[in-house]
Amino acid sequence: MDRFSVFTSRLVEKSENFTSGHRACQGCAEALAVRLVLKALGRDTIVAMATGCMEIISSPLPLTAWKVPWIHNAFENPAAVISGCESGMKALMRKGRVPKKKINFVGMGGDGATADIGMGPLSGALERGHDMVYVCYDNEAYMNTGIQRSSSTPYGASTTTSPAGTVSFGQQTEKKNLTQIAVAHNIPYVATACPSFPFDLLEKVKKAAALPGPAYIHILSVCPTGWRIQTEDAIKFGRLAVDSCIFPLYEVTHGKYNLNYRPYKKIPVEEYLKGQGRFRHLTDEEISHIQTTVDRDYQKILKRCEED
Amino acid sequence: MNKRETILMKGADAIGEAAVRAGCSCYFGYPITPQNEIPEYMSRRMDEVGRVFLQGESEIASINMVLGAAAAGVRAMTSSSSPGISLKQEGLSFLAAMELPAVIININRGGPGLGNIAPSQGDYYQATRGGGHGDYRMPVYAPATIQELYDFTMESFDVADIYRTPVMILGDGMMGQLVEPIIVHEREEIDLPPKDYILNGAQERPSRIIKSLILDTREMEEHNWKLKRKYDLMRTLLPRYEEFMTDDAKLVIIAYGTAARIAKGAVKRVRSNGLKVGLFRPITVWPFPDEAVLSLTKKSKVFLVFEMSTGQMVDDVRLAVSGRVDCEFYGRPGGIIPSPQEISRIIERYWMQKEL
């Protein structure tokens, strides 16, 4: 993000490429994220999307919320399918069958599709260096099938397959750090974003699309249904996640780290956890453990940002 | 829960409870609708009884976790629905080749591709013809009630151990979601062959090898014939079926699973109008009860196969009757659940057409 850019809502693209009227739950921040991403990308975009909430809610044929070419594919395949689209269009342009122009190739998937079953194809696409953007909408569980844990579910969260009770405190493992996995591929652009910070998100998507080569954007998408929060609080919890540094907003451009948002005052992680039904069983001991891991991870990011 | 009692249970929960009582030590799941209630039930229940519930990162991971657990010598199970079962096919082929016991639940949904999440019977070919690559078969049970779902899940662990084979329970979205009163009971102890193939440390014994890579063509041929002999044994011992009012039936409707429930209702309906119609329900769809179908041809001259697909089991029926009787077909694919009224109209139509 350029230091002297001016952001006002008046200057944001007005046209909608992901239209209203879809079937997302009330307060779905993931649908908001898709809307913002599509705003930033514009009409010259091809989207390959994995099975998941966003696919189900946006494409009940004959209805569709998409104003761009959109291809749906099985759970593990968005990165592979968009690789194929990019290669195919490249061939068509070389042969002169379609006019040469800049097209954004975008793979989209939820955290299950990205962190679990589609990890291999995503890694392959990033390694092959296709000119594409992969956007992961991370709502921290398999929400579409009924809130089952994924490897992106945070420590301590109660889901239907990691239920909290007398024997267990919920998710036993720590959240998989997908952003760092993407960074490890040495691709031109990796960023984290959250629809609670819309200008930041828009800029990152524009940058990812503009830079040649693969880019990866990890978007924290608050899910009121799965996180057990009030529907009107989705934006608030996105801000709390960033302000408590459990989800820092940063970007890595050609290996160079940049922290996009430094909270004015870093709030304790408890404030983020306490309003959520999925964390309500946590004891002080577990919360302090989470605080330790959050501090540890945040310091790592800070250090890298300061070094660069 | 007590040892034996009647309770109201959902299909998915019945599968889970049966597996727990059959001594399933490891369950490996992955979310896919309409079978999510199975991993959800198991995540609670397996913890309670101190066993292993694990959610893999994909269906491929889950089935191969089952393979690992079976090689280690414990009873293991996985469950999925149609698109997920497609991903599991590689693992099934390996399980069959390595002769490892496992139980796989397929809560069939509409297809091909992602299809929908409604009950369907489109996976019949995939289930009964092997599905994965290579020359193998796999016993497949098609329950039609929640009690059967419970009983066959329990029994399939024994069948898997006796024959050292993967066993599939072929349900559908309706079987998984249906709630019925069932009798839950403990497993009857039976004599099982010793697990003399498992890999549990070779300190006191010669080392063992479980593998599916057999490069020597002669050795591979022998392995294929060995598997064939095993499948022949299953073909004679395993087939099961249910006959309903077939004694004096001129027309027999053949259906399995959910379709058979509907057909039973239709048979009762047309019987009240004086039509002599019966129901034949294969319980094992592989091995298919060929001989029982063949012996029915002595009594009835018209067979009507009803499936919630465009016609898959009808092939097996036609093979079994080898042209002896007229074999008609009626299907509703794509997740439609026809009513008994609809099926009784179809029966009446054929009754008139064939001048029975």
Side-chain angles (χ1 to χ4, degrees), chain A residues 49-53 55-56 59-61 71-78 81 109-123 139-153 157-173 176 178 181 226, chain B residues 10 12-13 16 27-65 78-88 90 107 109-118 173 176-177 334:
Chain A
M49 183 170 244
T51 297
C53 281
E55 173 260 326
I56 295 288
S59 65
L61 278 174
I71 179 168
H72 163 240
N73 42 261
F75 213 10
E76 63 275 27
N77 301 322
V81 170
D111 52 300
T114 311
D116 280 354
I117 195 166
M119 188 84 242
L122 171 64
S123 179
N139 52 20
E140 305 195 319
Y142 290 86
M143 298 307 179
N144 182 38
T145 48
I147 324 172
Q148 288 86 12
R149 68 156 290 260
S150 76
S151 57
S152 198
T153 303
S158 177
T159 68
T160 53
T161 55
S162 64
T166 49
V167 186
S168 162
F169 58 84
Q171 175 83 338
Q172 316 262 335
T173 53
K176 189 186 272 186
L178 268 171
I181 293 173
Chain B
K10 190 188 243 193
D13 296 352
Y27 170 83
F28 305 104
Y30 189 73
I32 183 168
T33 314
Q35 63 85 48
N36 292 311
E37 289 83 354
I38 305 175
E40 283 169 14
Y41 185 84
M42 291 307 253
S43 70
R44 287 193 305 272
R45 192 76 174 98
M46 291 300 253
D47 244 8
E48 276 173 19
V49 290
R51 300 189 199 153
V52 176
F53 163 83
L54 264 185
Q55 186 183 311
E57 76 277 15
S58 69
E59 281 92 351
I60 301 170
S62 303
I63 189 78
N64 286 296
M65 287 176 187
T78 183
S79 65
S80 196
S81 180
S82 308
I85 294 292
S86 293
L87 284 178
K88 288 187 194 289
E90 180 192 72
I107 301 295
R109 67 187 231 186
L114 206 63
N116 58 20
I117 54 171
Q177 303 291 324

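Naming convention: chains lettered A, B, ... in sequence-line order (proteins, then strands); numbering from 1 in each chain.
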(message) Tell me the closest heavy-atom pair linking A:Thr145 and B:Pro31, and the distance in Å.
(response) OG1-CB, 3.4 Å

(request) Would you give the length of the straight line joining atom OG1 of A:Thr160 to atom CZ of B:Arg44, rounded to the nearest 0.5 angstrom? (result) 9.0 Å

(request) Rounded to the nearest 0.5 Å, what's the gap from CD on B:Glu57 to OG on A:Ser150? Could you check? (result) 11.5 Å

(request) Report yes if some heavy atom in the side chain of A:Ser162 is under 4.5 Å from a heavy atom in the side chain of B:Ser43; otherwise report no. (result) no

(message) Counting only non-hydrogen atoms closer than 4.5 Å, does B:Ile32 touch chain A with its backbone (N, CA, C, O), its side chain (CB onward), both, or neither?
(response) backbone

(message) How long is the straight-line distance from CD of B:Glu40 back to CD1 of A:Ile147, given to the nearest 0.5 Å?
(response) 8.5 Å

(request) Report the distance from atom CD of A:Glu76 to atom CG of B:Leu87, rounding to the nearest 0.5 Å. (result) 5.0 Å

(message) With a 4.5 Å cut-off on side-chain heavy atoms, are B:Leu114 and A:His72 touching?
(response) yes

(request) To the nearest 0.5 Å, tell me how far B:Tyr30 OH sits from A:Asp116 CG. (result) 5.0 Å

(message) Would you compute the distance between atom CD1 of A:Ile56 and atom CD1 of B:Ile117 and round it to the nearest 0.5 angstrom?
(response) 7.0 Å

(message) So for A:Gln172, is it side chain, backbone, both, or neither that comes closer than 4.5 Å to the heavy atoms of chain B?
(response) neither

(request) Work out which heavy atom in B:Phe53 is nearest to a heavy atom in A:Thr161; give both atom names and the distance. (result) CE2-O, 3.3 Å

(request) Under 4.5 Å heavy-atom distance to chain A, tell me which part of B:Pro83 shows up: side chain, backbone, both or neither. (result) neither

(message) Is A:Ser151 in contact with chain B via its backbone, its side chain, both, or neither, using a 4.5 Å heavy-atom distance?
(response) neither

